[in-house]
Amino acid sequence: MYEDEKKLMDQAIAAYRKGKVDESEKMFKDFIKQFPKSDLADNACYNLAKIANGRGDVMSALSWYEYLLANYPDTDAAYFGKDEYIELSHEMGKKVAEISDECYYNGCDLLKKGKIAEAEAEFNRLIREYPDCEYVDNAYYQLGVICKRRGDKEGAKKYAEIILKYYADTDAALQCYTLME
């Protein structure tokens, strides 16, 4: 089965390199339909986004990047695609708060600017909307920092306990002891 996947992917890439963009686009779409759980499916999505963007079809490109990030978030293609998605979104004037790391960094920026309530809302939104993202432990930590700044020792302790219970193997767990002082 893997040979079929690799063969179709190689054919699609070869067609693209020969300038047969329509043909390669069809093959990448066929690949996703036939092998949605393949280790190579993320590459097909990434290439479809690149094709759409190359044609000037920005909305389709964004859609393919979104599909890539939603369905294959921990892949190399998603790593590169996320940056391209953010850049393309910014070029269009679209705020990219839907991406979890952008949401986290928004919260951090707001916190640095002293906009505590807005930062708190952003970290809570990240936890609520992206419970499986890599920044959830850090969002809990930042919420603990906010509580500590407000003098709410119990709130800070509550967030530290959440981190220690659910995210014990993270950097946030190492740092959360400062919340309990």
Side-chain angles (χ1 to χ4, degrees), residues 36-37 39 41-43 45-50 52-53 56-181:
K37 296 191 186 296
D39 290 342
D42 62 313
N43 294 317
C45 291
Y46 180 79
N47 284 308
L48 286 164
K50 297 295 274 185
N53 195 32
D57 186 356
V58 177
M59 295 311 292
S60 182
L62 288 172
S63 177
W64 278 113
Y65 283 129
E66 289 167 357
Y67 183 84
L68 168 66
L69 295 170
N71 292 285
Y72 312 102
D74 300 321
T75 63
D76 288 343
Y79 176 80
F80 293 107
K82 179 171 50 173
D83 290 338
E84 293 171 23
Y85 173 73
I86 291 170
E87 185 178 324
L88 194 56
S89 295
H90 286 303
E91 286 174 15
M92 292 189 59
K94 179 180 175 189
K95 186 165 171 68
V96 192
E98 292 78 33
I99 297 178
S100 61
D101 60 339
E102 189 82 4
C103 183
Y104 175 74
Y105 289 115
N106 262 352
C108 290
D109 287 342
L110 290 165
L111 192 56
K112 285 178 191 173
K113 292 175 182 174
K115 297 180 178 183
I116 306 299
E118 291 169 316
E120 184 177 28
E122 195 72 354
F123 294 129
N124 279 314
R125 186 171 76 86
L126 180 135
I127 292 165
R128 184 180 62 253
E129 294 180 19
Y130 306 101
D132 298 323
C133 87
E134 64 182 310
Y135 292 104
V136 170
D137 58 323
N138 294 319
Y140 278 117
Y141 177 78
Q142 295 298 345
L143 288 168
V145 167
I146 290 170
C147 287
K148 193 170 181 180
R149 282 187 185 177
R150 289 180 175 155
D152 178 5
K153 290 181 181 182
E154 287 303 309
K157 183 180 175 187
K158 176 186 83 168
Y159 287 117
E161 289 171 351
I162 290 170
I163 294 166
L164 291 172
K165 183 174 182 178
Y166 298 106
Y167 307 98
D169 295 331
T170 66
D171 291 342
L174 296 172
Q175 298 168 355
C176 77
Y177 292 102
T178 62
L179 298 175
M180 300 195 300
E181 296 175 339

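All residue numbers in this chain count up from 1 along the given sequence.
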Rounded at 0.5 Å granularity, tell me how far [atom1] in [X] sits from [atom2] in [Y].
| X | Y | atom1 | atom2 | result |
| --- | --- | --- | --- | --- |
| Ile146 | Leu111 | CD1 | CG | 5.0 Å |
| Thr75 | Leu69 | OG1 | CG | 8.0 Å |
| Tyr104 | Glu134 | OH | CD | 10.5 Å |
| Asn124 | Tyr140 | CG | OH | 8.5 Å |
| Lys165 | Ile163 | NZ | CD1 | 14.0 Å |
| Tyr65 | Leu48 | OH | CG | 10.5 Å |

ring-ring contact (aromatic ring centres under 6.0 Å, His included) assessment of Tyr72 paired with Tyr46: CA-CA 10 Å; Tyr72 312 102; Tyr46 180 79; over 10 Å; no
Taking all atoms of both residues into account, what is the closest heavy-atom pair of [X] and [Y], and its distance?
| X | Y | answer |
| --- | --- | --- |
| Leu179 | Gly144 | CD2-C, 3.5 Å |
| Asp137 | Ala172 | OD2-CB, 3.6 Å |
| Pro73 | Ala78 | O-CB, 3.5 Å |
| Gly107 | Phe123 | C-CZ, 3.3 Å |
| Ala61 | Ala49 | CB-O, 3.5 Å |
| Pro36 | Ala41 | O-CB, 3.8 Å |

Salt-bridge contact Glu122-Arg125 (side-chain N to carboxylate O under 4.0 Å):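 Judged by the 4.0 Å cut-off on N to carboxylate O distance, Glu122 and Arg125 do form a salt bridge.
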Do the non-hydrogen side-chain atoms of [X] and [Y] ever get within less than 4.5 Å of each other?
| X | Y | value |
| --- | --- | --- |
| Leu143 | Ile127 | yes |
| Thr178 | Tyr141 | yes |
| Glu84 | Leu68 | no |

Salt bridge (Lys or Arg N to Asp or Glu O under 4.0 Å) involving Arg150 - partner list, sequence neighbours excluded: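 Scan of Arg150 (salt bridge (Lys or Arg N to Asp or Glu O under 4.0 Å), adjacent residues dropped) gives Glu120.
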Asp83 atom CG, neighbour heavy-atom count above 12 within 6.0 Å: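 Atom CG in Asp83 is crowded, with more than 12 foreign heavy atoms closer than 6.0 Å.
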